[in-house]
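Worksheet: the structure to be examined is printed underneath.
For the numbers below, each heavy atom of this structure counts, side chains included, while hydrogens, waters and symmetry mates do not. Letters A, B, ... mirror the listed sequences (proteins, then strands); counts begin at 1.
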Amino acid sequence: MKSLEEIEKLDRRRLGEIAHDTSIKVPDGLGRTTGEMLDALDRARGLADGGMSLRTKRTVASIAAGLVLVVGIGLASHFSPEAGPADTFDDPYLAYAQVQESFGRIGRAMKSGVDRADEGVESFSKPVEIVKKSLNH
Amino acid sequence: MKKIVSFIVVFFALYVSASAQTSRGIYQKFSQGKGVEAVYVSPATFKLMSGLNMDLDDMAGLRLGDITADLTGLYILDTESKEVGRKIAEEVRKMVDAGKYELLVSTKDDTDDTSIYAHIDGDTVSDFVLLDISPDGVHWISIEGRIPMEAIQKMMAQE
C-alpha cells in the first residue's frame, strides 16, 4: 500500500494507469468517499489543528450561497411593486360603492350576532329569576 | 450536496405555503380560478377615495374618510363552487389560526355560517376578516388597515 506522501506525488497519467490495472486488488474495508480523502489530505497538511477542513468550508459556503439565494428571491418577490394584485376598479366611485357594500355586510353580520347574543341573555335571565325566587322561599 | 438541495427545496415549499396564509396570498391563489368573482382595492385607490370626501349612505353619518384614511387593502372572493369554496374557507381558517386574530362574531343557523375576525388593539380594530358559508356559496372579505372603534359602532347601527 502506498503512503500518503507517495500518493501526493502521483501524476494524472500514473493515476490513470493504476485505475486501469486490474491486478491490483482493493483492500477490504476501503470504502472511502472523496470527502474522506480530502479530510485526510487536510489533516496531513496540518489544517485540522484549528481551522475548518476544506470539505467543511465548501459545505458552509454552499449552504450560505443557497440561503442568500432563497432570501434574496423571497425579499424580491415580497417588495416588488409589481408583485401585488391588480386593482379591480379604475374609478374611485365604483371602488367606494364596493367598500360601502362590504362594510355594510360586515356591519349587518356583527349586528345580527349581537342581537342573537342579547336574545340569549334575555332568555337566560328568566330562569335565573325563577331560581332566585325559589331560593328566597 | 444532496442535503443542501433538499434543504433549499424544503425551505421553498415552506415559504410558498406560508405565503398563502395572508389575505394577499389567499386572494392571489384563488382570484384567477374558474367560478370565482374577485375584487381588490389597493391602498392607492383608498387614498383617492378619501380625497372624494363622501358620506357612506345609511351609515349613521359615518364619513368615508373616517374609515379609508388608514386602510391598506380590500380583498373579496365570492364563489358558488362548493369545492373552491371549501378550499377558500380552509385557507382563511389557517390564516386566522396562524395570525393574531380574535373571533368577534360567529353566527350559525340551518343554512348560513358566518364568522368575523379582527385584530383588536385598544380602541382600534384592524384587519377585518368575514367568512360567510351558505348553500349559495362562500363569500370572503378581508379589509386590512386600522378602523376606529367608533366607526365600527356606526357600521353596526345601520339598519
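At most 12 non-hydrogen atoms from other residues, nucleotides or ligands lie less than 6.0 angstrom from CG of A:Asp90.
In this structure the side chain of B:Ile143 reaches within 4.5 angstrom of the side chain of A:Ile106, judged on heavy atoms. Inter-residue side-chain proximity for B:Ser126 and B:Glu144 is flagged as unmet; no heavy-atom pair is nearer than 4.5 Å. When side chains are defined from C-beta on, B:Ile26 counts as touching B:Leu77, because their heavy atoms get closer than 4.5 Å. Looking at B:Phe46 and B:Thr72, their side chains never come closer than 4.5 Å, going by heavy atoms from C-beta outward. Looking at B:Ile76 and A:Gln98, their side chains come closer than 4.5 Å, going by heavy atoms from C-beta outward.
Of the atoms belonging to B:Lys108, it is backbone heavy atoms, and not side-chain ones, that fall under 4.5 Å from chain A. Only the backbone of A:Ala86 comes within contact range of chain B, with heavy atoms under 4.5 Å apart.
Within residues 111-121 of chain B, the residues having any heavy atom closer than 4.5 Å to a heavy atom of chain A are B:Thr114, B:Ile116, listed by residue number. Residue-level contacts of residues 31-41 of chain B with chain A, in order of numbering, are B:Ala38, B:Val39, B:Tyr40, B:Val41; threshold 4.5 Å between heavy atoms.
Partners of B:Glu90 according to the salt bridge (charged side-chain N to carboxylate O under 4.0 Å, His left out) rule, which considers only residues two or more places apart in sequence or in another chain, are B:Arg86.
Partner of B:Tyr75 under the ring pair (Phe, Tyr, Trp, His ring centres under 6.0 Å) criterion, chosen from B:Phe128, B:Tyr27, B:Phe30: B:Tyr27.
Pairing each heavy atom of A:Ala109 with each of B:Leu130, the nearest pair is CB-CD1, 4.1 Å. The heavy-atom pair separating B:Val129 from B:Met95 by the smallest distance is CG2-CE, 3.7 Å.
Contacts classified as salt bridge (Lys or Arg N to Asp or Glu O under 4.0 Å) and involving residues 131-141 of chain B (residues at least two apart or in different chains) are given here: A:Arg105-B:Asp132.
Top candidate by heavy-atom pairs under 4.5 Å with chain A, chosen from B:Thr45, B:Leu104, B:Leu71, is B:Thr45.
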